[in-house]
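Below, chains carry the letters A, B, ... as their sequence lines are ordered, and counting in each starts from 1.
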There are 2 protein chains.
Amino acid sequence: MTYPPGDRMAEGATGTAERRGRPRNAAVDTAVVETVLRLLEEGTTIGDLSMERIARETGVGKATLYRRWAGKEELMVDVLRSLDAADPELPGRSAREDLVLLLEGLRRRGLAKRSSVVLRTVLGQVKAQPRLWKEYHDTVILARRETTVAVIRRGMATGELRADLDARLLSELFVGPMLSRAVFHESEELPEGLAEEIVDAVMEGARPRP
Amino acid sequence: MTYPPGDRMAEGATGTAERRGRPRNAAVDTAVVETVLRLLEEGTTIGDLSMERIARETGVGKATLYRRWAGKEELMVDVLRSLDAADPELPGRSAREDLVLLLEGLRRRGLAKRSSVVLRTVLGQVKAQPRLWKEYHDTVILARRETTVAVIRRGMATGELRADLDARLLSELFVGPMLSRAVFHESEELPEGLAEEIVDAVMEGARPRP
DNA sequence: CCCATACGATACGGACCCGTCTCGTATTGG
DNA sequence: CCAATACGAGACGGGTCCGTATCGTATGGG
């Protein structure tokens, strides 16, 4: 699932592309990333994640790690990539349906300890690891926002949604409540049906209709 | 501003309450907490914060730290406490006004690097430091939610807000969009007037009114 | 067959950290 | 004045980590 890097060691230009000796064991790449995810799920901080420990827990030599990644940061970037979940299919029949599907995707993601823990951890390391943050922000956060904004615009075009509001603001009206629950609270607070509840409530508004 | 602890060392019950020798320098308590906040603002991870470094950067002996706090976790709890910002005064004239004030408080908080960075950092350490999380969750997150829910209920009672929705869900409709911006995006995305925009949009709903 | 490379294991020097303790000095109460 | 405590500085033993190097052993390509 992970797709670790090609060879990063390249000391000189000596490298003829033809690799000669024993080939790398691809299973190791996967196993390492899985170990990191498991440790994160179990509550380990990025700060507490050492290459030494990762090697130990994977049952692998340190050299095997350094043969693949130049350091912790490089490894982490690959770990993040491995979390890229496919966006849900959006049938496009109605804005409401698409929005519910999007939020439902978020809800499931919040329920999967794996991504929610990683999410929190990543958020906490933003400034310390600008590369990690940029990677995550650009590939995950911005991508989701663009998808959502596109749905909003379609809804505006069909008259399903008010066209007099900023599309991005509107998208966050839908997404924000689900995200804040996923990030700030616990998984018991992400019950089934929450996606519909939020979408319908935002659609109708908080003010009583006459 | 910070109010560090009384003496935590209490080895035995020997402690007669009358303190004899040189009294502690209260300025040190403040200076230490300020140092930690500064380091966090500058992007230091909790994991990279060592007692040794905190002492060094504050210009203080390690013993001085350990005289006040039993360890890093205790110190961090006090750091978090020092961030408790007074909740804004809620005049209670209308739900809309109160909600705008609440969200405006969040916006300002997101703008203050100090709290937003600490917020992200804390979120990232949740599982690794259950005590920290509980402290933060209970004193900050739950308190805010309760305040918001109270406002919502008042609005329901006066007919300003729909009474057919769960008050907590409704509160998150208002708070979530502001929070998700503050946490996931950058401070340029927290423009003046955002609080009103969100409140009004949620009030009216996303569906066109007839 | 043979040589390049991968593998797990482990040792290495250097860095930093923890929490305690000991200096010499400052500052208080009694 | 004196006993008690605080202070900055830093030594101390014990730990973990980093990134590199070196084992002996697998496992492939040419």
Side-chain ion pair, B:Arg96 and B:Glu196, N-O less than 4.0 Å | no
CZ/B:Arg153: more than 12 non-hydrogen atoms of other groups inside 6.0 Å | no
CG on A:Leu49 to NZ on A:Lys72, rounded to 0.5 Å = 6.5 Å
A:Glu52 CD - C:dC16 C1' separation (whole Å) = 14 Å
Check the distance between D:dG19's C1' and A:Ile54's CD1 and give it to me in whole angstrom.
-> 14 Å
note: B:Glu73, atom CD; C:dG19, atom C1'; distance rounded to Å ~ 16 Å
Is a side-chain N or O of A:Thr44 found less than 3.5 angstrom from the main chain of A:Leu39, in a donor-acceptor match?
-> yes
Integer-rounded Å distance: C:dA6 C1' and A:Tyr66 OH | 18 Å
Would you confirm whether B:Thr147, through its side chain, and B:Ala143, through its main-chain N or O, come within 3.5 Å as a donor-acceptor pair?
-> yes
Closer than 4.0 Å, any side-chain N/O of A:Arg56 to the OP1 or OP2 of D:dC17?
-> yes
Please answer whether the main-chain N or O of A:Glu189 pairs with a side-chain N or O of A:Arg181 as donor and acceptor at a distance below 3.5 Å.
-> yes
In whole angstrom, what separates A:Glu74's CD from D:dG19's C1'?
-> 13 Å
What is the distance from CZ of A:Arg20 to P of D:dG29, rounded to the nearest Å?
-> 11 Å
Protein-nucleotide distance (A:Met51, atom CE; C:dG8, atom P), rounded to Å = 14 Å
Pull out every protein N or O sitting under 3.5 Å from an N or O of nucleotides 7-11 of chain D, one pair per line with the distance.
unit_1 : atom_1 : unit_2  : atom_2 : d
D:dC7  : OP1    : B:Asn25 : N      : 3.1
D:dC7  : OP1    : B:Arg68 : NH1    : 3.4
D:dC7  : OP1    : B:Arg68 : NH2    : 2.7
D:dC7  : OP2    : B:Arg67 : NH1    : 2.8
D:dC7  : OP2    : B:Arg68 : NH1    : 2.9
D:dG8  : OP2    : B:Thr64 : OG1    : 2.9

Whole-Å gap separating C1' (C:dC7) and CG (A:Leu65) = 12 Å
